[in-house]
Amino acid sequence: MTNPRADRVRDVAKLAQRSARQRRGLFLAEGPQAVREALRLDARRRGPLAAGETKAAGQTKAAGETKAAGETISPLVTEVYASPACLERYPELDELASAAGVLRVATEEVVAAMADTVNPQGIVAVCRQLDVSLDEVLSRSPRLVAVLCRVQDPGNAGTILRAADAAGADAVVFAEGSVDIYNPKAVRSTAGSLFHVPVVVGTDADQLAVRMRAAGLGVLAADGYGSIDLDVLQDESASRRLGLPASAGPSAASGPSATGNAPSYALEAPTAWLFGNEAQGLSGDELALADARVAVPVYGEAESLNVGTAATVCLYASARAQRLGVGANG
């Protein structure tokens, strides 16, 4: 393709608008990393894993399972537009897109006209939206879930999803009022993790908490003013793992469980974390949904942590406790 004003180019570029994405059920993945992960996921969904590939832990059918015999799965990637220079630089992308039959070679000008970024990297993919239902996520007995409550910034949303992927979370839920994860900036911010972790969108937070508990998950609220210190929860978890009294951890002297009473929350237990709006945090109603309100300690002079940073710390704390506590908890 050589004409940046062609109708097809305009159609693809319109996917930067939420209305077009919702109407067509499509979104844009831009750049080599995102397009590579989308194509790899598509290849896994079409058939057996390629040599050397492994399925990420916790992935659902929408996030990487191969199809069963006789089962039809719609392709995730419908079109890939790439410049010759990009394909030369990233031969794997050429191979993956050609094998899927979706490659369209285009000039740099055409790709730039389709892309949302100021400095495009020579490749964009048109993908089908891949969110799954909450029922599907809960049916697989998840142990770690990130829930975004009215998170508005696409960069923060993408960062939290990427952190959830790195921590091995089983799903990321975007409650009603949160940013569209298919926003081009959000997709870019995930750095390909959108294609690794099951995503649920548009769920009511009240019902979500009820459903999580029914599925055996505790609900924690990340709250800068929370009465429970995350360090204390981590120390308590370590003490239980080592068979020590709950007060033995280095942070326990200042924590709510310092007297040796029952733990404030077992961090190694299956958990859904609630993360709130950037400016307002979690609302009173959202905080009321949680079993406990947990604060990430700030040791320096910073007023608070960005929601993406706080989410990363919380998710890794749970992930570590769960991984180390597997033997002790069956």
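Note: hydrogens, waters and symmetry copies are ignored here, and every other heavy atom, side chains too, is used. By convention here, the first residue in the shown sequence is residue 1.
- Summarising the geometry of L194 relative to L161, their closest heavy-atom pair is N-CD2, 3.6 Å, with the distance given to 0.1 Å.
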- Message: For a side-chain contact (heavy atoms from CB on, under 4.5 Å) check, start with the C-alpha distance between L130 and L41, then their side-chain angles and the critical distance, and finish with the verdict.
- Response: CA-CA 11 Å; L130 69 169; L41 172 56; 3.9 Å; yes
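- Ion pairing between a basic and an acidic side chain is recognised when a charged N comes within 4.0 Å of a carboxylate O; E176 and R150 show no such pairing.
- The shortest distance between side-chain heavy atoms of V199 and V201 falls below 4.5 Å.
- The nearest pair of heavy atoms linking A209 to L289 is CB-CB, 4.0 Å.
- Judged by distance alone, with hydrogens and angles left aside, the side-chain atoms of R10 form a donor-acceptor pair with the main-chain N or O of R5 at under 3.5 Å.
- Distance check, rounded to the nearest 0.5 Å: CG of L144 to CZ of R323 gives 11.5 Å.
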- Go through L315 and W273 one step at a time and tell me if the side-chain contact (heavy atoms from CB on, under 4.5 Å) criterion holds. CA-CA 8 Å; L315 291 169; W273 278 95; 4.1 Å; yes
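- Contact between L282 and A222 at its shortest, heavy atoms only, is CD1-O, 3.7 Å.
- Taking a 6.0 Å sphere around CZ of R21, one finds it holds more than 12 heavy atoms contributed by other residues, nucleotides or ligands.
- With a 4.5 Å cut-off on side-chain heavy atoms, L138 and D135 do not count as touching.
- A salt bridge between D170 and R143 is absent, with no side-chain N of the basic residue lying under 4.0 Å from a carboxylate O of the acidic one.
- The heavy-atom pair separating D180 from R18 by the smallest distance is CB-CZ, 3.6 Å.
- For the pair V35 and V124, the minimum side-chain heavy-atom distance is 4.5 Å or more.
- Side chains of V102 and L39 form a contact here, defined as non-hydrogen atoms less than 4.5 Å apart.
- Between P198 and E136, every side-chain heavy-atom pair lies at or beyond the 4.5 Å cut-off.
- Counting only N and O atoms by type, the side chains of Q152 and N277 include no donor and acceptor under 3.5 Å apart.
- In this pair, F195 and F27 present their aromatic rings parallel. The plane angle is below 30°, not in the 30 to 60° band.
- L217 is listed as a side-chain neighbour of P142, based on a closest heavy-atom distance under 4.5 Å.
- Panel note: side chain D223, backbone A295; no donor-acceptor pair is recorded below 3.5 Å.
- Closest heavy-atom contact between C127 and A29: SG-CB, 4.1 Å.
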- Before giving the answer on side-chain contact (heavy atoms from CB on, under 4.5 Å), spell out for C86 and Q121 the whole-Å C-alpha distance, their side-chain angles and the decisive distance to 0.1 Å. CA-CA 7 Å; C86 179; Q121 297 177 274; over 6 Å; no
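- Considering only heavy atoms from C-beta on, D131 stays 4.5 Å or farther from V200 through its side chain.
- Taken from CG in L208 to SG in C149, the straight-line distance is 7.5 Å, to the nearest 0.5 Å.
- Of the residues N183, D116, T117, the one that meets the side chain to side chain donor-acceptor pair (under 3.5 Å) test with R188 is D116.
- Screening residues 76-87 for side-chain hydrogen bond (donor to acceptor under 3.5 Å, both in side chains) gives R8-E79, R8-Y81, E79-Y81, S83-E108 as the qualifying pairs, with residues at least two apart or on separate chains.
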- Query: Hey, mind stepping through V77 and V126 against side-chain contact (heavy atoms from CB on, under 4.5 Å) and telling me if it holds?
  - Reply: CA-CA 6 Å; V77 182; V126 177; over 6 Å; no
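- The environment of CZ in R320 is sparse: at most 12 heavy-atom neighbours from other residues, nucleotides or ligands sit within 6.0 Å.
- Contact detail for V197 and A169: the closest heavy-atom pair is CG1-O, 4.1 Å.
- A 4.5 Å side-chain heavy-atom check between V111 and I123 finds every atom pair outside the cut-off.
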